[in-house]
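These notes are about the structure you will find just below.
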Amino acid sequence: MGQLIKVKSISHLTHDVLRIRLEKPQTLTFCPGQAADISINKLGWTDKLRAFTFTSLPGDDDLEFSIKTYPERQGVTNQLLSLVPGDELILHDVFGAIAYKGEGLFIAGGAGVTPFIAIFRQLDKEGKIGNNRLLFANKTSADIIEDAYFSKLLGDHFVNVLSEEELPGYEHGYITEKILRKYMDTQLPYIYLCGPDPMMDAIQSTLHALGVHESAIIREEF
Ligand SMILES: Cc1cc2nc3c(=O)[nH]c(=O)nc-3n(C[C@H](O)[C@H](O)[C@H](O)COP(=O)(O)OP(=O)(O)OC[C@H]3O[C@@H](n4cnc5c(N)ncnc54)[C@H](O)[C@@H]3O)c2cc1C
């Protein structure tokens, strides 16, 4: 059994992404980019564990998650839609493969941006944004999580790629070799990659074909 954590507030970040703030257990430690297994403290849901990434920083007073919901799956994220302040989640193990190692090109698909929200917030707090870049793939502009924050923080180093919408100032389609060539910078030692399986596999093969060494790629599948 994990730790009970109480919901303080719940709101919509986009049409299908929730931002949930919770009371933070005093003993909890994690690194920006890490996730935890979470379940809901309601009858029938306590043993249904799903992984979500902390989008708050370790030093913040509250815990925060940014969660894309899939009502059609009738699973945990659908249940989260009916949470109200005072409800409880159960925090299980903390884990995660993504941690900041140095400047890089961050490539995210949809909710795969969540570890990067925490990492960029930490860099922002330390004044170390430097040359880091974010390439963010979504279906439409309405799906972009933290659009205003990343635009302000990164300026031209924030590039959106939309597969189902054509807009000026946005790349259109999937993240192809052409797009990777355009935004990769040989000065950046690392590529951080997080998103759904098919996107990750396609991009990883392209990166290998472009000569990027496996050790330069830091990845996590969602
Ligand atoms: C390390 C890690 C960190 C993560 N962090 C975050 C985060 O911060 N924010 C976030 O939003 N997500 C995050 N995810 C993804 C998140 O864990 C999943 O979106 C979540 O588990 C979905 O749970 P669910 O119960 O709603 O649906 P699921 O458990 O995915 O699905 C429930 C049921 O629906 C059916 N189903 C599954 N997939 C599909 C599909 N593609 N189409 C139709 N039916 C399907 C299956 O029958 C399945 O049993 C993370 C994942 C990992 C591995």
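As the structure lists them, so they are numbered: ligands from 1, and atoms in each ligand from 1. In what follows, residues are counted from 1 in the order of the sequence shown.
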Review point. Would Arg19 and Glu64 pass as an ion pair if we require N to O under 4.0 Å?
Key: yes
Check your understanding: If you measure from the Lys or Arg side-chain nitrogens to the Asp or Glu carboxylate oxygens, is any gap between Arg21 and Asp62 under 4.0 Å?
Key ->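 No, Arg21 and Asp62 are not salt-bridged.
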Review point. Can you name the residues that form a salt bridge (charged side-chain N to carboxylate O under 4.0 Å, His left out) with Glu72, not counting sequence neighbours?
Key: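 Not a single residue meets the salt bridge (charged side-chain N to carboxylate O under 4.0 Å, His left out) criterion with Glu72.
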Check your understanding: Can you name the residues that form a salt bridge (charged side-chain N to carboxylate O under 4.0 Å, His left out) with Glu171, not counting sequence neighbours?
Key ->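 If we apply the salt bridge (charged side-chain N to carboxylate O under 4.0 Å, His left out) test to Glu171, skipping adjacent residues, the hits are Lys182.
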Practice item. Output all residues satisfying side chain to side chain donor-acceptor pair (under 3.5 Å) with Ser56, sequence neighbours left out; order by chain, then residue number. Key: none
Exercise for review: Quick one, list the residues around ligand 1 where some non-hydrogen atom comes in under 4.0 Å, by chain and residue number.
Suggested key: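 Contacts of ligand 1 under 4.0 Å: Ala35, Arg50, Ala51, Phe52, Thr53, Ser66, Ile67, Lys68, Tyr70, Arg73, Gly75, Val76, Thr77, Phe95, Ala111, Thr114, Glu220, Glu221, Phe222.
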Check your understanding: So, do Phe106 and Ile119 sit near enough that their side-chain heavy atoms are less than 4.5 Å apart?
Key -> yes
